[in-house]
Amino acid sequence: MAEAIKPEDMPVLMPVYNRSDIYFERGEGVYMFDDKGERYLDFMGGIAVTGLGHAHPYIVQALKDQAEKLWITSNVFKTHGGDKLAQRLVDLTFADTVFFQNSGVEAWECGIKVIRKYFSTIGQPQRYRVISFQGCFHGRTLAAIAAAKTEKMVGGFGPMTEGFDQVAWGNLNEVRNAITAETAAIMIEPVVGEGGMKAADPQFLRDLRTTCDEFGLLLYFDEIQCGMGRTGKLFAHEWAGVTPDVMCIAKALGNGFPIGACLATAKAAQGMVPGTHGSTYGGNPLATAVGNAVLDVMTKPGFIDQAKRMGDYLERKMVEVAKRHPKVFIGNRGKGLMQGLICVPLNLDVVKALREEKLLGLGAGDNVVRFLPPLIVTEAQIDDAVAIIDRVATKLAGA
Ligand SMILES: *Cc1c(COP(=O)(O)O)cnc(C)c1O
């Protein structure tokens with residue numbers, strides 16, 4: 001029998017997380033304040049969500065303004081905010097069309113539906129399988145865990161959704177060998193988040209594009225974590241100079257207000273006719289008002305360039321801090337403002353020690369501690385974080 005919680009020990013919040021005892025009440029930029037008034041340097045940002053920091057005045061105002069006007073119409077009606085946000089995402093990317101959802105995994109799953117529908121529409125319904133990569137994460141629905149195949153996520157939740165073939169990260173030979181007459185798409189996170197902050201080699205992404213074109217497959221990028229400016233480009237795949245056919249985004253698109261989006265080319269989305277997909281809340285006026293406000297800020301000339309400069313700075317500091325503490329850190333990896341330190345001690349012990357010193361980081365796969373500061377972070381704030389990492393690492397090395 002598997003591990004179980006006794007009835008008398010069952011908390012009112014289903015205990016699927018090891019939640020901290022800290023209660024946060026307020027945020028401001030890169031800081032969060034708990035109910036005792038203690039200030040924390042927030043280098044996890046709700047897990048890569050607060051790209052513009054907490055309580056950004058312009059975003060707050062956009063939400064307040066919309067809250068006084070209209071919250072929901074259902075997708076039976078269009079709204080100017082929804083049209084505008086979709087048009088902007090189309091203008092900014094490879095995509096011709098967008099569907100809004102409420103979360104990352106919903107946007108991801110919409111992408112899987114787009115892919116399957118495409119092949120059934122062009123008369124090849126036997127092609128439905130998607131090649132995924134070891135260590136990638138796509139969310140927690142039954143289909144998303146079937147794609148990731150991580151034991152911790154799938155154990156006890158079977159039977160698994162059919163149609164996902166996993167190959168080793170970065171291995172083009174394995175990808176090509178996994179392609180069969182049933183393969184529909186190749187799917188990847190251009191920079192892996194939960195799985196440990198690994199950036200795909202730009203050449204590998206280009207090779208995936210070439211392979212998809214060669215076999216008539218669709219290329220699907222999950223930029224839920226690495227998108228929206230985090231790597232120093234609006235989308236991480238821009239570093240490779242290739243585009244996907246389908247992409248899902250979420251997290252920083254709403255800066256904390258729930259919104260996700262599935263982006264696709266006209267070709268890929270050709271089967272998504274009325275009635276084939278839907279959502280009650282997806283793309284509601286509150287979410288699209290916030291999404292538009294986020295894009296207003298992120299598309300200001302120089303904004304992403306500044307995020308890139310801070311990403312370069314953070315990366316340099318991570319290289320240096322890892323070198324200073326070889327007993328605690330093996331090295332660093334990531335891209336831009338998406339950085340991880342590979343730990344010698346258990347990563348969660350490092351996260352805990354950092355938290356005691358009022359720096360919020362987050363564990364990730366491969367025993368990594370990850371840092372996802374807002375794009376508005378300053379050099380001085382990065383220096384403050386690194387000083388805390390130095391202090392904690394010195395303590396851990398002596399322990
Ligand atoms: C967070 C994340 C998801 C899932 O997003 P949710 O909003 O939690 O459903 C999917 N893919 C990636 C790469 C993510 O980082």
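Residue numbers start at 1 and run along the sequence shown. Numbering of ligands and ligand atoms starts at 1, following listing order. Source: prediction; values computed, not measured.
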Taking a cutoff of less than 4.0 Å between a non-hydrogen atom of the residue and any ligand atom, is Glu106 in contact with ligand 1? no

For atom 13 (C) of ligand 1, closest protein heavy-atom neighbour: Glu189 OE1, 3.1 Å

Using 4.0 Å as the upper bound for N to carboxylate O, is an ion pair formed by Lys323 and Glu320? no

Heavy atoms only: which of Lys251, Glu194, His138 is nearest to atom 14 (C) of ligand 1? Lys251

Are Lys395 and Glu357 ion-paired here, with the side-chain N under 4.0 Å from a carboxylate O? yes

Whether Asp65 and Lys69 form a salt bridge (side-chain N of Lys/Arg under 4.0 Å from carboxylate O of Asp/Glu) is what I want to check. no

Here the atoms of ligand 1 under 4.0 Å from any heavy atom belonging to Val105 are 4 (C), 5 (O), 6 (P), 9 (O)

Whether Arg176 and Glu214 form a salt bridge (side-chain N of Lys/Arg under 4.0 Å from carboxylate O of Asp/Glu) is what I want to check. yes

Determine, for Asp35 against Arg26, whether the closest basic-nitrogen to carboxylate-oxygen distance falls under 4.0 angstrom. no

Parallel, tilted or perpendicular: which one describes the rings of His277 and Phe99, with boundaries at 30° and 60°? perpendicular

Could you tell me which atoms of ligand 1, counted from 1 in the order shown, lie closer than 4.0 angstrom to a heavy atom of Gly139? 4 (C), 10 (C)

Tell me, please: is Phe137 in heavy-atom contact with ligand 1, that is, under 4.0 Å? yes

Quickly, which of Lys308, Arg316, Arg309 forms a side-chain hydrogen bond (donor to acceptor under 3.5 Å, both in side chains) with Asp312? Name it, please. Lys308

Electrostatic pair Glu162-Arg129, nearest N-O below 4.0 angstrom: yes

Please write down residue, atom name and distance for the protein heavy atom closest to atom 7 (O) of ligand 1. Gly104 N, 2.8 Å

Under 4.0 Å from a heavy atom of Asp222: give me the atoms of ligand 1 that qualify, with their elements. 10 (C), 11 (N), 12 (C), 13 (C)

Short check: is a protein heavy atom less than 4.0 Å from atom 9 (O) of ligand 1? yes

Check this for me - ligand 1, Gln225, N or O atoms closer than 3.5 angstrom, yes or no? yes

Using a 4.0 Å cut-off to any heavy atom of Ile224, which atoms of ligand 1 qualify? 1 (C), 2 (C), 3 (C), 10 (C), 11 (N), 12 (C), 14 (C)

